[in-house]
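Every value quoted in this text rests on a predicted model; they were computed, and no experiment measured them. Values below: every heavy atom of this structure, side chains too, minus hydrogens, waters and symmetry copies.
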Amino acid sequence: MWRDLKPIGRNPESGGYRRYAWTGADAECRAWFEAQARSRGLTYELDRNGNQWAWLGDPAQGNAVVTGSHLDSVPDGGPFDGPLGVVSAFAALDELRRRGAEFTRPLAIVNFGDEEGARFGLACVGSRLTAGQLTPEQAHRLRDADGITLPQAMERAGYDPEAIGPDPDRLARIGAFVELHVEQGRALDLTNNSVGIASAIWPHGRWRFDFRGEANHAGTTRLVDRRDPMLSYAETVLAARREAELAGAVATFGKIAVEPNGVNAIPSLVRGWLDSRAADQATLDTVVEGIEKAAREYADRHGIELDVVRESFTPIVEFEHALRDEMARILGEGRDTDIKVPVLGTGAGHDAGILSGSIPTAMLFVRNPTGVSHSPAEYASEDDCLAGVTALADVLEGLACR
């Protein structure tokens with residue numbers, strides 16, 4: 001499975017992946033998922049929001065156990081973020097069949113669409129729509145960098161954008177959702193564990209900072225006569241680092257758009273996107289407020305107009321304790337009592353976090369020894385990946401076969 005999926009959407013120059021929602025690479029990933037489902041005799045289903053499902057048993061029975069993740073990527077992302085959870089889900093089902101497991105609850109494997117938000121700027125679109133956290137009207141207003149709207153992109157890919165929206169009937173079928181994901185950090189490597197259980201997802205959001213100045217000639221305009229928004233933006237980037245360090249949080253300006261974007265032109269507009277995350281809401285508020293305050297001071301100093309818009313936000317997600325504890329019990333059976341599966345928080349958002357407000361959710365992490373993610377350098381060893389499959393199979397057997 002890994003060998004077949006790995007080449008799809010890979011950029012030969014960077015070695016990273018460009019699997020953006022409703023593109024050709026996305027279509028190839030979707031075709032791969034459907035083929036994997038049908039080859040195992042599973043019932044394949046595409047929901048109203050473009051999420052893919054592979055069912056073992058009757059979905060109408062309810063109280064189903066669901067696992068899976070996503071197949072799309074950030075720009076030049078790594079091979080494991082998302083796909084590891086989907087591949088491991090199919091592999092875990094294969095392992096359970098090898099064991100001769102008898103299912104007492106329906107089981108499903110899912111590929112949620114547009115989790116990374118790389119094309120339209122909003123993460124977890126497929127799961128947000130399903131859970132009613134994104135309205136059809138809001139989704140229809142999403143545009144990519146070329147001005148193509150989400151409905152236009154869906155239509156071009158052969159899907160009906162008018163059908164999107166909340167799907168409470170589908171969620172009512174699900175008794176538990178367990179998402180396996182490569183760890184985005186080094187906590188497991190530092191404790192020498194192959195697999196861990198998620199405790200919570202930090203609150204996080206995205207803010208757009210629009211610095212508006214005055215375009216002018218780079219060679220003939222005196223420094224004292226300039227209204228250069230790039231200066232205010234650059235100072236704000238440094239302020240974000242300072243605020244995050246002081247609070248023990250993270251803050252990143254990772255995307256920028258400049259107008260007119262000429263080498264010999266002073267910009268008229270610098271638009272930067274801030275991503276910030278912290279262990280709790282109060283800390284996150286402090287960090288973002290500090291960054292905005294500094295940005296406004298810098299803008300005033302240079303004669304720059306500033307608009308700050310919060311484009312998305314996800315509050316802290318505490319995964320259901322009962323499900324988390326049951327997973328820990330299952331994974332602890334037959335092991336040395338002195339060795340426990342570690343429970344750790346994460347600053348990364350996931351579909352499991354979005355769905356946690358509607359259904360019981362939990363996550364498993366697989367060790368990433370480099371700690372690098374959203375990069376071609378993202379890595380997990382084969383042994384650790386197989387340990388993740390075994391752990392997921394054990395959890396699914398404990399939840400769906402007893």
Salt bridge between [X] and [Y], side-chain N to carboxylate O under 4.0 Å?
X	Y	result
Asp210	Arg271	yes
Arg40	Asp94	yes
Asp300	Arg296	no
Arg99	Glu95	yes
Arg208	Glu311	yes
Arg173	Glu45	yes

At their closest point, which heavy atom of [X] faces which heavy atom of [Y], and how far apart are they?
X	Y	result
Ala251	Ala240	CB-O, 3.8 Å
Pro203	Asp280	CG-C, 3.6 Å
Ala157	Trp22	CB-CE3, 3.8 Å
Arg324	Ala198	CD-O, 3.5 Å

Is any side-chain heavy atom of [X] closer than 4.5 Å to a side-chain heavy atom of [Y]?
X	Y	value
Leu344	Glu183	yes
Gln184	His374	yes
Arg119	Asp72	no
Ile164	His140	yes
Gln133	Gln138	no
Trp207	Ile291	no
Arg212	Pro229	no
Glu235	His302	yes

Would you sort out whether Ser69 and Leu84 count as a side-chain contact (heavy atoms from CB on, under 4.5 Å), showing the intermediate values?
CA-CA 8 Å; Ser69 192; Leu84 181 62; over 6 Å; no

Derivation and outcome, side-chain contact (heavy atoms from CB on, under 4.5 Å), residues Phe103 and Leu96
CA-CA 9 Å; Phe103 290 85; Leu96 290 176; 3.8 Å; yes

Parallel, tilted or perpendicular for Trp53 and Phe112, by the 30°/60° rule?
perpendicular

Indicate the ring-plane relationship of His181 and His70, choosing parallel, tilted or perpendicular according to the 30° and 60° boundaries.
tilted

Can you confirm if the NZ or CZ of Arg128 lies within 45° of the ring axis of Phe120 and under 6.0 Å from the centre of its six-membered ring?
no

Straight-line distance of [X] [atom1] to [Y] [atom2], nearest 0.5 Å:
X	Y	atom1	atom2	result
Asn216	Asn264	CG	CG	11.0 Å
Ile354	Ser127	CD1	OG	5.0 Å
Leu56	Leu42	CG	CG	6.0 Å
Glu28	Asp4	CD	CG	12.0 Å
Ile316	His204	CD1	NE2	11.0 Å
Phe90	Phe33	CZ	CZ	4.0 Å

What I want to check is whether the side chains of Ser358 and Arg170 have a donor and an acceptor closer together than 3.5 Å.
no

We want to know whether Asn51 and Thr130 form a side-chain donor-acceptor pair, criterion being a heavy-atom distance below 3.5 angstrom.
yes

Atom CD of Glu245 with >12 non-hydrogen neighbours under 6.0 angstrom
yes

More than 12 foreign heavy atoms under 6.0 Å from CZ of Arg97: is that the case here?
yes

May I ask you to check whether Trp2 and Phe80 place their ring centres under 6.0 Å from each other?
yes

Can you check side-chain contact (heavy atoms from CB on, under 4.5 Å) on Asp167 and Leu171, steps first, answer last?
CA-CA 7 Å; Asp167 202 346; Leu171 293 177; 5.6 Å; no

Using the side-chain hydrogen bond (donor to acceptor under 3.5 Å, both in side chains) rule, pick out the option among Thr191, Asn193, Asn192 that qualifies with Arg367.
Asn192

Does the salt bridge (charged side-chain N to carboxylate O under 4.0 Å, His left out) test come out yes or no for Arg30 and Asp26, once each step is laid out?
CA-CA 6 Å; Arg30 289 172 172 273; Asp26 185 50; 3.0 Å; yes

So if I apply the ring-ring contact (aromatic ring centres under 6.0 Å, His included) rule between Tyr233 and each of Tyr298, Phe253, Phe209, which one comes out positive?
Phe253

Worked verdict on Tyr159 versus Leu46 for side-chain contact (heavy atoms from CB on, under 4.5 Å):
CA-CA 10 Å; Tyr159 295 84; Leu46 182 73; 3.0 Å; yes

